[in-house]
Amino acid sequence: MSRRLGRRFFARSPIELAPDLLNKVIVTPVGSARLVEVEAYCGTDDPGSHAYRGPTPRTEVMFGRAGHLYVYFTYGMHWCANVVAEHQGTAGAVLLRAATPLTGIDGMYERRVKANRPHDLCSGPAKLCQALGIDGEYNGLDLAASAFGVSIRDDGTPPPSRPAQGARVGLSRGVDLPWRWAVPGVKDVSRPRL
DNA sequence: ACCGGGATGTTCT
DNA sequence: GAACATCCCGGTG
């Protein structure tokens, strides 16, 4: 029993949205996983954001409607997925960094050939995408609509009342901003541990 | 455990 | 031509 998150849930500041996404469930046609680590990216105000220098063909969806997926390709081999926040015209997004696998786990091991343990399946933004079969085809997809079997859902598990919080990972600008959140004590988070 | 380097190609300067 | 919201492997301690 779970309910799909709607537009209103996503249409606010990434800093408010990000911690509220903890313990929500992401569902794709090949499986599902509980989100345990996220990062906020605050558009044109945030030197660490892809949208900092204004819209480009790549970042167009970050400026669009809340609840769409922003999926980008990086380091020549990896996909990473964000949920778009804010209202149309204002860029903002939450990077999905790590999750605990729930269903479709056999398939996750097949796609994540190097993984030997459950907490190696979704413990990083690119691992999560590979495990759940998310790639560039998912860019711009609307999570708040029917969306080809893709959604983020509330199954009744609340976000942690005291999430772990710290600096974001892998940036050269905006490194100081504490806009990374995680569920404390879970094994499926990315490195470095909060 | 922690650290350093290589892979690999798109995006933007 | 440089940078890149990463991952994996092999070194060392």
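Residue numbers begin at 1 in each chain, while the letters A, B, ... track the order of the sequences.
Under the 30°/60° scheme for interplanar angles, the aromatic rings of A:Tyr72 and A:His50 are found to stand perpendicular.
Between A:Tyr75 and C:dC4, a base-stacking contact is recorded: ring centres under 5.5 Å apart, planes less than 30° from parallel.
Taking only side-chain atoms of A:Arg58, from C-beta outward, the nucleotide of B:dG9, C:dC7, B:dT11 with the closest atom is B:dT11. Of the candidate nucleotides C:dC8, C:dT6, B:dA7, C:dC8 has the atom lying nearest to any side-chain atom of A:Lys127. Here the side chain of A:Arg191 is nearest to one of C:dT6, B:dT8, B:dC2, namely B:dC2. In this structure, of C:dC7, C:dC4, C:dT6, it is C:dT6 that holds the atom nearest to the side chain of A:Val169. Listed candidates were C:dA5, B:dC2, B:dC12. Nearest to the side chain of A:Pro57 is B:dC12.
In this structure, the CH2 atom of A:Trp79 is 14 Å from the P atom of C:dA5, given to the nearest Å. At whole-Å resolution of the value, NE2 in A:His78 and C1' in C:dA3 are 15 Å apart. Taking atom CE of A:Met62 as the reference point, atom P of B:dC12 lies 12 Å away to the nearest angstrom. Look at OH on A:Tyr52: it is 13 Å from P on B:dT13, rounded to the nearest Å. Across the protein-nucleic acid pair, A:Met77 atom CE and C:dC8 atom P stand 11 Å apart, rounded to whole Å.
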In dot-bracket notation, what is the pairing pattern of DNA chain B, taking Watson-Crick (N1-N3 plus N6-O4 or O6-N4) and G-U wobble (N1-O2 and O6-N3) contacts under 3.5 Å, with [ ] crossing and | for other strands?
|||||||.||||.
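Within residues 11-45 of chain A, no residue has a heavy atom under 4.0 Å from DNA chain B. Non-hydrogen atoms lying under 4.0 Å from DNA chain C are contributed by A:Arg112, A:Lys114, all within residues 103-121 of chain A.
Across all strands shown, A:Arg168 has no heavy atoms under 4.0 Å from either base or sugar-phosphate atoms. Within 4.0 Å (heavy atoms only), A:Gly48 reaches at least one base atom of the nucleic acid.
For A:Glu137, the CD atom is loosely surrounded, since the number of other residues' heavy atoms within 6.0 Å does not exceed 12. Heavy-atom contacts from other residues, nucleotides or ligands closer than 6.0 Å to OH of A:Tyr109 number more than 12.
Considering A:Leu96, A:Leu128, A:Val186 in turn, A:Val186 is the only one that fulfils the side chain to side chain contact (heavy atoms under 4.5 Å, CB included) rule with A:Val36. None of A:Asn82, A:Val61, A:Leu143, A:Asn139 except one satisfies the side chain to side chain contact (heavy atoms under 4.5 Å, CB included) rule with A:Leu69; the exception is A:Leu143.
For A:Arg34 and A:Asp188, the salt-bridge test fails: no basic side-chain N is under 4.0 Å from an acidic carboxylate O.
From A:Glu16, atom CD reaches atom CD of A:Glu86 across 8.5 Å, with rounding to the nearest 0.5 Å. Going from atom OH of A:Tyr70 over to atom CD of A:Glu60 covers 11.0 Å, rounded to the nearest 0.5 Å. The structure places CZ of A:Arg3 at 11.5 Å from CG of A:Asp155, a figure rounded to the nearest 0.5 Å. Annotation: the span from A:Cys122 atom SG to A:Met108 atom CE amounts to 4.5 Å, rounded to 0.5 Å. A:Leu21 CG to A:Ile26 CD1: the interatomic distance, rounded to the nearest 0.5 Å, is 9.5 Å.
If you find the closest nucleotide of DNA chain C to A:Ala126 and to A:Arg173, the one lying nearer the 5' end belongs to A:Arg173.
Inspection of the A:Ser151 and A:Arg4 side chains reveals no N or O donor paired with an N or O acceptor under 3.5 Å.
Using a 4.0 Å cut-off, some side-chain N or O of A:His50 falls inside it from OP1 or OP2 of C:dA5. Regarding contacts with the backbone of C:dT6, every side-chain N or O of A:Ser190 stays at 4.0 angstrom or more from both OP1 and OP2. Phosphate proximity of B:dC12 to A:Thr56: present, with a side-chain N or O under 4.0 Å from OP1 or OP2.
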